[in-house]
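Heads up: the structure comes next, in structure tokens.
Excluded from the calculations below are hydrogen atoms, water molecules and symmetry mates; all remaining heavy atoms, backbone and side chain alike, are included. Here is the naming used below: chain letters follow the sequence lines, and residue numbers restart at 1 for every chain.
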2 protein chains.
Amino acid sequence: MPNPSSTNARDHAKLIQAQDQFVASWGRMGSVWGISRTMAEVHALLYITGEPMCTDQIMDRLGVSRGNVSMSVRALLDWSVIEKVRLPSDRKEYYQAELDVWSMLRAIARERIKREVDPMLDALDEIAQLAPEVKSSDTQEARDLKQRIDAVREGFELITTLTHKFAGPSGAGLKTAAKLLAKAPVGSKRPTRTHSAKKRTKKNGGQA
Amino acid sequence: MPNPSSTNARDHAKLIQAQDQFVASWGRMGSVWGISRTMAEVHALLYITGEPMCTDQIMDRLGVSRGNVSMSVRALLDWSVIEKVRLPSDRKEYYQAELDVWSMLRAIARERIKREVDPMLDALDEIAQLAPEVKSSDTQEARDLKQRIDAVREGFELITTLTHKFAGPSGAGLKTAAKLLAKAPVGSKRPTRTHSAKKRTKKNGGQA
DNA sequence: GTGGGATTTCAGAGTTTTTTGAAATGACTG
DNA sequence: CAGTCATTTCAAAAAACTCTGAAATCCCAC
């Protein structure tokens, strides 16, 4: 590279370095999110640069295979955290990240619920089919079992509802939610021992 | 322990089956939480039965090795979702699960933040060391970079704060938080059921 | 159609995580 | 303390997961 202004050249290097480091961290974290490292890195790269990039650019910058980029990009499109862009000058597909962080965090929350909580709820529904038969000869054991399953289900249903409300595609407000909570007084450890929330089972199209 | 009259015997089988299925689901989910399958299963077993159990009972019921049970139990103790119990009759250690679901969910949230968000925040701090040097010759690119990193950091910091507040060891209230949110009006949107009946059983979003 | 690149797919190689099992250590009792 | 049984540790095996690369497919301009 020439030195148009030596200061700019140095700064540019720093900038690239910062970007790379961001990409690396995000990638490391990906594994912890149940996302593959590459998928996380691709996303990080598109997010941090803000530029539309094509497959080859991504391959080169991250040093991963074409196939891997293809699969990662596909998944990110499904998650709707990146989108296709057509550059008039070029025949290739370009990809660009959604630039609002909150939409990104929302997507993560949404996907996690879909992959973690929902299947569990389905399973609980299924299990509930087995348990209720124990109604006539209700041993203590049987009643306890049902009670515990319901407790778990209630918790997970609440979480799902909240996620749909705040992180759903309509997306009004993960940020809103956060702010609401941040300023809410955290009720002192007064044990409000009501186990109120009743059976508002909003059974989605689950199995069984 | 139970005293099965022939009707009870059938019910008892169902009960065991329901327990096993719960354990299996929880275990499957474990991998998705970054918990090993066995660790999740041990916890599920102790939770769903509610009984104190010793290493051998757990081994037999789950069909895993002694070493594996030992390590899983240790981790669960560290997370404080189970505790040691001494039975006067027996020399072995027995383990028993915390029976409040919310304490369990809280533990999960707490651990996840510790393992996912905190390291990311540290990384962002480090990256922020590189970026600021780009202040004088501020290209648009440089300013964008800083702005994006800050946006991410803000988001993650908010999440951390909230988790400490609501899921921290003092633990006042994941449930409280959920309730606060559940009744809060969401932004401009009326609480209509527009997309309520969404198919829960949906294919995983194309993740490799 | 046809040619030439862009994209997708997927079997197998490579990597990481989890589990096993047996030896080492610890803990209690007589 | 010596014996017995419980628990922990850890190297190596097994399982799960991710990535590669080349062949197959798609897509568009001519």
[X] has an atom [atom1]; how far is it from atom [atom2] of [N], in whole Å?
X	N	atom1	atom2	answer
A:Asn68	D:dC17	CG	P	16 Å
A:Leu62	D:dC19	CG	P	11 Å
A:Asp90	D:dC28	CG	C1'	13 Å
A:Glu93	D:dT25	CD	C1'	15 Å
B:Tyr94	D:dT7	OH	C1'	15 Å
B:Met71	D:dA12	CE	C1'	13 Å
A:Arg86	D:dC27	CZ	C1'	9 Å
A:Met59	D:dT20	CE	P	9 Å

Counting only side-chain N and O atoms of A:Ser36, is one of them less than 4.0 Å from OP1 or OP2 of D:dT18?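 The answer is no; no side-chain N or O of A:Ser36 sits under 4.0 Å from OP1 or OP2.
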
Could you tell me whether the phosphate oxygens of D:dT7, OP1 or OP2, come under 4.0 Å of any side-chain nitrogen or oxygen in B:Arg66?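 It does not, given that no N or O in the side chain of B:Arg66 lies less than 4.0 Å from OP1 or OP2 of D:dT7.
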
Could you report the tightest heavy-atom contact between [X] and [Y], atom names first, then the distance?
X	Y	value
A:Arg66	A:Thr55	NH1-CG2, 4.0 Å
A:Lys92	A:Arg86	O-NE, 3.9 Å
B:Leu99	B:Tyr47	O-CE1, 3.5 Å

A:Arg91 or A:Val73: which one's nearest nucleotide on DNA chain C is closer to the 5' end?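 So the residue in question is A:Arg91.
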
Charged N to carboxylate O below 4.0 Å: is that the case for [X] and [Y]?
X	Y	result
B:Lys146	B:Asp150	no
A:Arg115	A:Glu111	no
B:Asp78	B:Arg74	no

Nucleotide range of DNA chain C lying under 4.0 Å from chain B heavy atoms: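 So the outermost contacting nucleotides come out as C:dT18 to C:dC28.
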
Quick check for you: to the nearest 0.5 Å, what is the distance between A:Ile82 atom CD1 and A:Leu77 atom CG?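 Nearest 0.5 Å value for the CD1-CG distance: 4.0 Å.
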
